[in-house]
2 protein chains.
Amino acid sequence: MARLPEYLRALHNLAETGHETVSSEGLANAAGVNSAKLRKDLSQLGSYGTRGVGYDVGLLIDQIEYVLGLTQRRAVALVGVGNLGHALAGYDGFASRGFRIAALFDADQERVGEEISGLVVRHVDELPRVAAEESIAIGVIATPAAAAQRVADQLVAVGVTSILNFAPCVLTVPEGVDVRKVDLAIELQILSFHEHRKASLTALPATGGSALTALSGGLAVSEGQEAIGT
Amino acid sequence: MARLPEYLRALHNLAETGHETVSSEGLANAAGVNSAKLRKDLSQLGSYGTRGVGYDVGLLIDQIEYVLGLTQRRAVALVGVGNLGHALAGYDGFASRGFRIAALFDADQERVGEEISGLVVRHVDELPRVAAEESIAIGVIATPAAAAQRVADQLVAVGVTSILNFAPCVLTVPEGVDVRKVDLAIELQILSFHEHRKASLTALPATGGSALTALSGGLAVSEGQEAIGT
DNA sequence: AGGCGCTTGTGAAGACGTGCACAAATCGCG
DNA sequence: CGCGATTTGTGCACGTCTTCACAAGCGCCT
Ligand SMILES: NC(=O)c1ccc[n+]([C@@H]2O[C@H](COP(=O)([O-])OP(=O)(O)OC[C@H]3O[C@@H](n4cnc5c(N)ncnc54)[C@H](O)[C@@H]3O)[C@@H](O)[C@H]2O)c1
Ligand SMILES: NC(=O)c1ccc[n+]([C@@H]2O[C@H](COP(=O)([O-])OP(=O)(O)OC[C@H]3O[C@@H](n4cnc5c(N)ncnc54)[C@H](O)[C@@H]3O)[C@@H](O)[C@H]2O)c1
């Protein structure tokens, strides 16, 4: 389930605040989801709630971390240490959430050798050797789109089966390899769509207006995320 | 539809390659989706394909850009010019996809006044004045989680109705305001989950193994993204 | 002009996710 | 010990999304 990480984060917050137990309602609130949905999700983990009381925060954290495979700290390789790569490499939020940036790679000789928060940037050709040493579990691609497919191929070649891709392009990978994409421009465009829809609706309250207005008003808007009402 | 931006990107690629028309199959391939799904999506835009030929690339681009509200270049305000904020501010991919970073804000006096790719960082208290001048459409939050809710409130106060949030926390906003969240750690954790699942499955081919194995094997894995097989 | 191959648009079926509503279970308290 | 308050776990119904499959439409070639 894609919501598990969200629950986990909320649980960690609760744990730091001193809570020992949470009701499904409380946790659902903190995670921004429906309480029934949350209970259904958690019931799939093997039922660790006590009726009348709620869920044991610590136990639930352990459960979710186990299911997510966070009991072992996974090694991440970051390829492409440019604008975005620098930010990622210097981000401490990964370490606190179960990951360890194990190596940085770039193709630019100017960047090779540079040290970023304790790690030295290596040439991408060294990937096979480093992968063998570090047992990389996840590869992150932060190169321009033109280079992304080649980098993906290289990652797959050294045995990486999970890739997080920041380049705005579709990657083709063998079956068994998971790819997730983060494209900020797409996020903005989805927001822009909503803006446009809102604007059209307020401008033409009941007329129906242009074909586009009817379209955007009548169509389902399900992007896997939605606004959280007050 | 959340897939429209993906189609748009693929279409721009095709246009640059000199294609004048595309079949649904071709475009679906380029965007990484099923062709039937793509046709159904496009049919909602008002049917601009020619049977036996395909879709006119240029026309389709115009259509999608109109629906997404990209005919006007929307102004984006970026709040929090730290590690990540710098990368975002210096990213030229926004400009080419219909957006204009109109202003940068930070609360740290040390950062106020700094110039990043032609824009001067302003203090977040100036937001009301600048928003009035620039008619900000979208706000991007790249502050620590602790400050995110306050910043969101400030953005809403000046009339922003679309927010892209990079901080790992749930934002509460009034109805009518859209929030999208990008949490990199969550992306990694989802990948980690798949890694764990794959490992469990290969380790215990048919036994069923632990409760967790049965769980992860039997449960639906739908995270809004999936691997693209070869 | 006619036929043929290709492509779109869509009906229908199935899978999936969501949320309500309620029974079962547990705790605390009198 | 029993009762009520509280909260979990889930059956069920509903709406949405996905995919297949195919008829209708279009252009090209003969
Ligand atoms: N900067 C952002 O905020 C941002 C936002 C969204 C998306 N992106 C995307 O992230 C990617 C990187 O963006 P950026 O701003 O960091 O670009 P950048 O040009 O600053 O950095 C790219 C880096 O990748 C390296 N590189 C190029 N080819 C390589 C190869 N084959 N192997 C290894 N390294 C290689 C380059 O040497 C460079 O250091 C781009 O695809 C961009 O579209 C960036
Ligand atoms: N750096 C990354 O790669 C990365 C990755 C994923 C998520 N994030 C998230 O993005 C956010 C920013 O990360 P970062 O690495 O840039 O952190 P950072 O500490 O480098 O930058 C945060 C910036 O926000 C500013 N700020 C703090 N409070 C503010 C306020 N009230 N108003 C305006 N500005 C304020 C700070 O002065 C600072 O410049 C964090 O929530 C982080 O979890 C970052």
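All values below were derived from every heavy atom in this structure, side-chain atoms included, with hydrogens, water molecules and symmetry-related copies excluded. Numbers restart at 1 for each chain; the letters A, B, ... are given by sequence-line order, proteins then strands. No experiment lies behind these values; they were computed from the predicted model shown.
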Evaluate the criterion side-chain hydrogen bond (donor to acceptor under 3.5 Å, both in side chains) for residue pair A:E65 and A:T71; output intermediate values, then yes/no.
-> CA-CA 6 Å; A:E65 288 192 341; A:T71 44; over 6 Å; no

Just checking A:S35: base, sugar-phosphate only, or nothing, at a heavy-atom cut-off of under 4.0 Å?
-> nothing

Is atom CD of A:E25 surrounded by more than 12 heavy atoms (other residues, nucleotides or ligands) closer than 6.0 Å?
-> no

Using heavy atoms to find the nearest nucleotide of DNA chain C for A:R3 and A:V53 separately, return the residue whose nucleotide is more 5′.
-> A:R3

Between B:E6 and B:R3, does at least one N-O distance fall below 4.0 Å, as a salt bridge requires?
-> no

Phosphate OP1/OP2 of C:dT26: any A:Y55 side-chain N/O under 4.0 Å = no

Given C:dT8, is OP1 or OP2 found less than 4.0 Å from the side-chain N or O atoms of B:S24?
-> yes

Can you tell me the distance, in whole Å, between the CD atom of A:E25 and the C1' atom of D:dT6?
-> 12 Å

Euclidean distance, atom CG of residue A:D41 to atom C1' of D:dT8 [Å, nearest integer] | 14 Å

Less than 3.5 Å between a donor and an acceptor, one on the side chain of A:R51 and one on the base of D:dT7, is that the case here?
-> no

Can you check whether any acceptor in the base of C:dG17 is under 3.5 Å from a donor in the side chain of A:K37, or vice versa?
-> no

Exactly one candidate in B:I61, B:L45, B:L38 meets side chain to side chain contact (heavy atoms under 4.5 Å, CB included) with B:Y7; the answer is B:L38

Hey, is the side chain of B:N34 poking within less than 4.0 Å of OP1 or OP2 on D:dC17, counting only N and O atoms?
-> no

Short side-chain N/O contact from B:T50 to OP1 or OP2 of D:dC26, under 4.0 Å = no

B:L38 atom CG is separated from D:dC20 atom C1', nearest whole Å, by 16 Å

Can you check the B:Y48 OH to D:dG25 C1' distance for me, whole Å?
-> 18 Å

Length of the line joining A:N29:CG and D:dT7:C1', which is rounded to integer Å = 15 Å

Between atom CG in B:L42 and atom P in C:dT7, what is the gap in whole Å?
-> 15 Å

In whole angstroms, the gap separating P of C:dC27 from CG of A:D56 amounts to 13 Å

Do B:R97 and A:D183 sit within salt-bridge range, that is, some charged N less than 4.0 Å from a carboxylate O?
-> yes

Please evaluate the base of D:dT18 for a donor-acceptor partner in the side chain of B:K40 within a cut-off of under 3.5 Å?
-> no

Provide, to the nearest angstrom, the distance between the CE atom belonging to A:M1 and the P atom belonging to C:dC16.
-> 11 Å

Does B:R39 place a side-chain N or O at less than 4.0 Å from the phosphate oxygens OP1/OP2 of D:dC22?
-> no

